[in-house]
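Because the structure is a prediction, the values reported are computed rather than measured. Residue numbering restarts at 1 for every chain, and letters A, B, ... go by the order of the sequence lines.
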Amino acid sequence: MPELPEVQTVVTTLAPRVLRRRIVRVVHLRGDMVTAPPELDLARQLAGRKITGLARRGKRIVFSIDDDNAFFIHLGMTGRLSVEPTDAPLANHTHLILDLGKDAGRAPEQLRFRDPRRFGEIRWLGCDGCDQNMGPEPLAMRTAQLAEKLSRTTRAIKNALMDQRVVAGLGNIYVDESLFDARIHPLARADKLSSEQVAALTKSIKRVLNRAIHHRGSTLRDYVDANGKAGAFQRLHRAYDREGKPCPRCKTPIERIIVGGRSTHFCPSCQPLRGRRRPPRRTSASTSTSAAG
DNA sequence: GTCCATGTTCTTTA
DNA sequence: CTAAAGAACATGGA
């Protein structure tokens, strides 16, 4: 579920529930969801610490704690974070439970992380987070940054934008929506986009993400924010999951193809593929490609 | 039983 | 090295 707008919404809704609260103890921690140095006991590291910061980086939710260490939770496909009374019934597939310090006059609460599909992750960052392999934040990105990244790859733009090293935070929904908004075909070669197209794409990514955040993300199946509330942006999707439905701009039916193994939705009329990826070769293979050189 | 899914990473192949 | 294709991870819904 969670791409940048959903993760941002979780951070926004979770922050007031956990910031400046103490992790009294780690009640439950499923070890195989954790990435950390083998000698590090995450439960021991967290016990007694105060949560001093909550932020989003790409699709990661970064928790800062009062000893200057940090860890992040990645929600994967089905991860959810919630703050619930300690006596609230425990959902299946809960992999992390933190007892939070009591607030005056309130029932004791727990921060809970559940993830049925277990594609999520809890990763220890220590005191210097590792950002090296992550692309720029799309909402703060300049056209030149995106252009530089795209100039270095011959892949289809759809594949390039799905790569978190190119841009951090986009996923299948928002790549399709951004390409639709920018009128760029998903199979267009990343390094062959014009500078005007890259500029338009940069703006479209920001426009789409900001709108999605404004509507608290997209709920297709089971995404909810930290308060259990679903998003509303799925109603405003213009391409994603709209195969066969009329393009909101020109009424041409939206097409679905598979790119990089993922469903990809676009308007064949609004998003023309100008430069063909392969030269059309009608004659059978009489010309050798390896002869030259 | 089948196919598909909002994510990431690894392997194989070219 | 680049990158495409496929599989893998684990679960649930249609």
Side-chain angles (χ1 to χ4, degrees), chain A residues 1-10 30-35 56-61 72-81 91-95 113-123 130 132-135 138 149-180 186-192 205 208-209 211-213 215-225 230-243 256-265 277-278 288-290 293:
Chain A
M1 278 166 261
E3 302 179 33
L4 187 150
E6 292 78 34
V7 177
Q8 182 62 54
T9 303
V10 170
R30 185 178 169 126
D32 63 5
M33 298 289 291
V34 175
T35 305
R56 180 194 56 75
R57 172 75 176 109
K59 298 173 190 171
R60 301 169 171 181
I61 299 168
F72 73 74
I73 291 180
H74 193 299
L75 300 175
M77 296 269 265
T78 55
R80 286 190 195 188
L81 283 165
N92 276 342
H93 311 293
T94 298
H95 307 306
F113 171 49
R114 71 179 289 245
D115 179 14
R117 215 164 143 186
R118 271 192 270 152
F119 286 180
E121 181 188 6
I122 302 161
R123 190 188 302 182
C130 49
Q132 47 195 354
N133 276 333
M134 297 192 77
K149 293 282 190 182
L150 296 181
S151 70
R152 293 169 167 278
T153 182
T154 62
R155 299 134 95 192
I157 186 65
K158 163 88 182 193
N159 290 333
L161 293 178
M162 292 289 286
D163 186 338
Q164 303 299 296
R165 296 169 300 185
V166 173
V167 179
L170 298 180
N172 211 28
I173 296 173
Y174 297 105
V175 168
D176 283 5
E177 291 296 311
S178 297
L179 289 173
F180 176 88
L187 290 177
R189 253 178 68 162
D191 63 343
K192 293 291 175 58
I205 289 170
V208 166
L209 292 178
R211 278 187 193 148
I213 291 169
H215 293 272
R216 306 182 329 278
S218 303
T219 295
L220 302 186
R221 211 187 217 113
D222 42 12
Y223 162 74
V224 291
D225 67 20
F233 191 68
Q234 67 282 358
R235 294 197 290 263
L236 301 177
H237 290 174
R238 295 195 287 170
Y240 183 82
D241 204 21
R242 297 194 68 248
E243 180 183 14
R256 182 173 83 98
I257 59 177
I258 302 297
V259 181
R262 312 301 300 273
S263 280
T264 298
H265 314 76
R277 304 196 72 210
R278 290 180 216 157
S288 165
T289 49
S290 57

How long is the span from the CZ atom in A:R216 to the CG atom in A:D225, to the nearest 0.5 Å?
7.0 Å
Give a yes/no answer on whether the side chain of A:Y174 brings an N or O atom under 4.0 Å of OP1 or OP2 in B:dT6.
no
Under 4.0 angstrom, heavy atoms only, what part of the nucleic acid is A:Q164 near: base, sugar-phosphate, or nothing?
sugar-phosphate
Closest listed nucleotide, where the reference is the side chain of A:T154 and the choices are B:dT9, B:dA5, C:dA3
C:dA3
d(CZ, A:R80; C1', B:dG7) in whole Å
17 Å
Any N or O donor-acceptor pair under 3.5 Å from the base of B:dA5 to the side chain of A:R117?
yes
To the nearest 0.5 Å, tell me how far A:M33 CE sits from A:R114 CZ.
11.5 Å
Stacking check A:Y223 vs B:dT6 (5.5 Å / 30 deg)
no
Rounded interatomic separation in angstrom, taking CZ from A:R118 and P from B:dT8:
18 Å
Using a 4.0 Å heavy-atom cut-off across all strands, classify A:R30 as base, sugar-phosphate, or nothing.
nothing
Nearest whole Å is fine: how far is B:dT8 P from A:K59 NZ?
4 Å
Once you apply the 3.5 Å cut-off to both distances, tell me the Watson-Crick or G-U wobble partner of B:dT9, or none.
C:dA7
Protein-nucleotide distance (A:H93, atom NE2; C:dG12, atom C1'), rounded to Å:
8 Å
Tell me whether A:N172 contacts the main-chain N or O of A:S263 through its side chain, where contact means a donor paired with an acceptor under 3.5 Å.
yes
Whole-Å P distance, C:dG6 and B:dC4
13 Å
For a side-chain hydrogen bond (donor to acceptor under 3.5 Å, both in side chains) check, start with the C-alpha distance between A:H265 and A:D176, then their side-chain angles and the critical distance, and finish with the verdict.
CA-CA 6 Å; A:H265 314 76; A:D176 283 5; 2.9 Å; yes
Can you find a side chain N or O atom of A:H74 that sits less than 4.0 Å from OP1 or OP2 on B:dT8?
yes
Could you check whether A:T219 gets within reach of a base, just the sugar-phosphate, or nothing at all, counting any heavy atom under 4.0 Å?
nothing
Does B:dT6 have OP1 or OP2 sitting under 4.0 Å from an N or O in the side chain of A:H237?
no
Between C1' of C:dT11 and CG of A:N92, the distance in whole Å
11 Å
Base, sugar-phosphate alone, or nothing: which one does A:R262 contact when heavy atoms must sit under 4.0 Å apart?
base
Any idea how A:F233 and A:H215 line up, ring-wise: parallel (<30°), tilted (30 to 60°), or perpendicular (>60°)?
tilted
For A:N159, answer base if it contacts any base atom (sugar-phosphate contacts may also be present), sugar-phosphate if it contacts only those atoms, and nothing otherwise; contact means non-hydrogen atoms under 4.0 Å.
sugar-phosphate
Given A:K59, A:R56, A:E3, the one that forms side-chain hydrogen bond (donor to acceptor under 3.5 Å, both in side chains) with A:Q8
A:R56
OP1 or OP2 of B:dT6 under 4.0 Å from side-chain N/O of A:T78:
no
Using whole Å, what does the distance between atom P of nucleotide C:dA7 and atom CD1 of A:I258 come to?
14 Å
Here the distance between atom C1' of B:dA5 and atom CD of A:Q234, to the nearest Å, is 15 Å
Return the nearest nucleotide to the side chain of A:E3; candidates are C:dG13, B:dG7, B:dT9.
B:dG7
note: A:I257, atom CD1; C:dA5, atom P; distance rounded to Å ~ 11 Å
Using only side-chain N and O atoms of A:R256, determine if any of them is under 4.0 Å from OP1 or OP2 of B:dA5.
yes
